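A quick write-up on the structure given underneath.
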Amino acid sequence: MKNLVSGIQPTGIITLGNYLGAIKNFKLLQDNPDLKLFIFIADLHAITVSFPEKEKLRQQIRSLAAFYLACGLESEKTNLFIQSEVKEHAELGYIMQCLSHVGELNRMTQYKEKKAKGEASPTGLLTYPTLMAGDILLYDAEFVPVGDDQKQHLELTRDLAIRFNNRFGEVFKVPEPIIKPLGARIKSLTNPDKKMSKSDDNPKSYINMLETPAQIRNKIKSAVTDSDGVIRFDPENKPGISNLLIIYATVTNTEIKTVEAQFKDKSYAELKESLAQVITAEIEPIQARYNELINSPYLDEILNKGKENASFLAARKIKKVYDKIGLGRKLK
Ligand code: AMP
Ligand code: TRP
């Protein structure tokens with residue numbers, strides 16, 4: 001049995017990029033009988049840029065939990081839990097922070113981008129990748145399915161695991177990222193040179209998974225393309241159209257070549273209309289299940305069970321780490 005770990009921040013909006021780049025993949029992976037999944041709501045990460053309003057944060061955490069389940073994660077195959085409810089995440093995050101160097105954290109692209117955007121730069125934003133390393137190493141994860149933007153954080157996690165093992169003895173598994181060849185970087189609908197991001201100021205740039213079919217259709221309709229009128233997969237010269245083809249292929253689980261052939265002689269308007277239809281067809285049943293789950297006590301049962309299973313492994317690992325370092329007293 002191999003462990004797989006991944007998390008998403010409960011920042012309110014779940015985009016089509018999150019779904020296609022990460023969550024849809026979790027669903028496929030959980031059906032592999034050789035894998036045990038640990039999927040969590042990264043609420044400790046959600047306070048690294050700024051503290052959201054208290055009730056809003058609580059609601060966002062619950063919403064993401066309901067959303068994961070609505071997408072088909074099942075509690076028999078996946079341990080679903082809330083990061084802050086397993087206190088060892090903060091503990092190992094702190095150890096990883098001590099093991100890392102300011103220089104390597106300063107080089108993280110996501111940190112540089114976020115810092116450039118905001119007025120304030122909390123220390124937590126800089127040390128965020130060390131918390132993420134702790135999240136992964138706590139569970140001896142072999143695999144970490146993420147979007148392309150997390151690759152650099154995974155490399156740091158691997159470096160920190162190796163650094164710890166070399167210094168204190170073998171404690172951590174060195175994890176491998178799973179980054180899908182297609183859909184790992186869904187682009188913004190208004191600027192296909194950028195990734196689709198929930199923190200984009202323009203809501204037309206992303207599709208929120210809880211939006212209505214009409215809103216989705218409008219956003220796809222106004223997606224930026226080009227003026228040559230030919231449907232061809234060419235990310236460099238036709239980033240807008242290529243992004244729409246990638247979305248179509250990942251939503252429908254088809255090869256990009258097949259989608260390209262299907263729309264070869266069609267107009268951009270026809271491609272957009274079909275795309276809006278397939279996205280809506282994928283999203284509608286998810287939304288229906290989401291609405292059933294969001295206020296259901298079943299959601300709490302699953303989160304309790306996930307917390308219990310995760311805590312068991314996490315406590316065992318942190319004890320080993322403290323022992324290796326020599327923290328506290330040696331317990332018999
Ligand atoms: P975040 O919303 O930043 O917590 O990201 C959650 C997961 O979704 C991570 O695995 C990201 O890499 C992935 N992700 C976020 N945006 C995109 C995107 N535009 N395309 C593909 N994957 C994405
Ligand atoms: N940093 C990730 C993101 O912003 C979320 C995350 C936190 C994560 N801890 C993780 C992803 C551990 C995978 C494994 O998308």
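Atoms within a ligand are numbered from 1 in the order they appear, just like the ligands themselves. Please read these numbers as outputs of a predicted model, since none were measured by experiment.
By the 4.0 Å N-to-carboxylate-O rule, Lys319 lies close enough to Asp323 to be salt-bridged with it. A salt bridge is defined here as a Lys NZ or Arg NE, NH1 or NH2 lying under 4.0 Å from an Asp or Glu carboxylate O, and Lys195 with Asp148 fails to meet this definition. Looking at Asp34 and Lys2, no side-chain N of the basic residue comes within less than 4.0 Å of a carboxylate O on the acidic one, giving no salt bridge. Salt-bridge check for Lys317 with Asp140: passed, with a basic side-chain N closer than 4.0 Å to an acidic carboxylate O.
Looking from atom 9 (C) of ligand 1 to the surrounding protein, the closest heavy atom is Gly147 N, 4.0 Å. Atom 9 (N) of ligand 2 has Asp135 OD2, 2.7 Å as its closest protein atom, hydrogens excluded (heavy atom only). Remark: minimum distance from atom 21 (C) of ligand 1 to any protein heavy atom is reached at Ala184 O, 3.1 Å. Considering only non-hydrogen protein atoms, atom 12 (O) of ligand 1 sits nearest to Asp149 OD1, 2.4 Å. Scanning all protein heavy atoms for the shortest distance to atom 1 (N) of ligand 2 gives Tyr128 OH, 2.5 Å. Among all protein heavy atoms, the one lying closest to atom 7 (C) of ligand 2 is His45 NE2, 3.4 Å. When only non-hydrogen protein atoms are considered, atom 6 (C) of ligand 2 lies nearest to Gly7 O, 3.7 Å. Among all non-hydrogen protein atoms, the one lying nearest atom 20 (N) of ligand 1 is Ile186 N, 2.8 Å.
Relative to the six-membered ring of Tyr128, Lys114 meets both conditions, a distance below 6.0 Å and an angle of at most 45° to the axis.
Which parts of ligand 2 touch Val146 is read off a 4.0 Å heavy-atom cut-off, strictly below it: atoms 11 (C), 13 (C). Every atom of ligand 2 with a heavy atom of Ile136 under 4.0 Å away is listed here by number and element: 12 (C), 14 (C). Of all atoms in ligand 1, listed by their number and element, those nearer than 4.0 Å to a heavy atom of Gly21 are 21 (C), 22 (N). Distances below 4.0 Å separate heavy atoms of Gln9 from the following atoms of ligand 2: 4 (O). Close contacts of ligand 1 with Gln150, meaning ligand atoms under 4.0 Å from a residue heavy atom, involve 12 (O). Ligand 2 places these atoms under 4.0 Å from at least one heavy atom of Val144: 13 (C), 14 (C). Using a 4.0 Å cut-off to heavy atoms of Arg185, the atoms of ligand 1 that qualify are 20 (N), 21 (C).
Counting only distance, with no hydrogens or angles, the side chain of Ser242 and the backbone of Asp234 share a donor-acceptor pair below 3.5 Å. Not a single donor-acceptor pair under 3.5 Å links the side chain of Asp200 to the backbone N or O of Ser205. Judged purely by atom type and a 3.5 angstrom limit, Tyr290 has no side-chain atom pairing as donor or acceptor with the backbone of Tyr68.
The N/O atoms of Gly7, backbone and side chain alike, include none that comes under 3.5 Å of an N/O atom in ligand 1. In terms of polar-atom proximity, defined here as any N/O pair under 3.5 Å, Gln9 does make such a contact with ligand 1. Considering both main-chain and side-chain atoms, Met196 comes within under 3.5 Å of ligand 1 through a nitrogen or oxygen pair.
Comparing Leu64, Asn18, Ile178 by heavy-atom distance to atom 5 (O) of ligand 1, the nearest is Asn18. With Ala22, Ala46, Gly17 as candidates, the residue nearest to atom 17 (C) of ligand 1 on a non-hydrogen basis is Gly17.
Side-chain heavy-atom separations under 4.5 angstrom define the hydrophobic clusters, and the remaining members of the one that includes Leu131 are Leu44.
Residues meeting the salt bridge (charged side-chain N to carboxylate O under 4.0 Å, His left out) test with Lys36, sequence neighbours left out: none.
Closest approach of Ile246 and Phe233 over heavy atoms only: CG1-CE1, 3.6 Å. Scanning all heavy atoms of the two residues, the minimum distance from Val251 to Lys24 falls at O-NZ, 3.1 Å. The shortest non-hydrogen separation linking Thr130 to Met96 is O-CB, 3.4 Å. Among all heavy-atom pairs drawn from Thr127 and Leu105, the shortest one is CA-CD1, 4.1 Å.
A distance of 6.0 Å or more separates the ring centres of Tyr94 and His89.
At a heavy-atom cutoff of 4.0 Å, ligand 2 is contacted by no atom of Asp149, backbone or side chain. At a heavy-atom distance under 4.0 Å, only side-chain atoms of Gln150, from C-beta outward, approach ligand 2.
Residue contact annotation: Lys198 has a non-hydrogen atom under 4.0 Å from ligand 1. The closest approach between any non-hydrogen atom of Gly183 and ligand 1 is below 4.0 Å. Judged by the shortest distance from any of its heavy atoms, Ser197 lies outside the 4.0 Å radius around the atoms of ligand 1.
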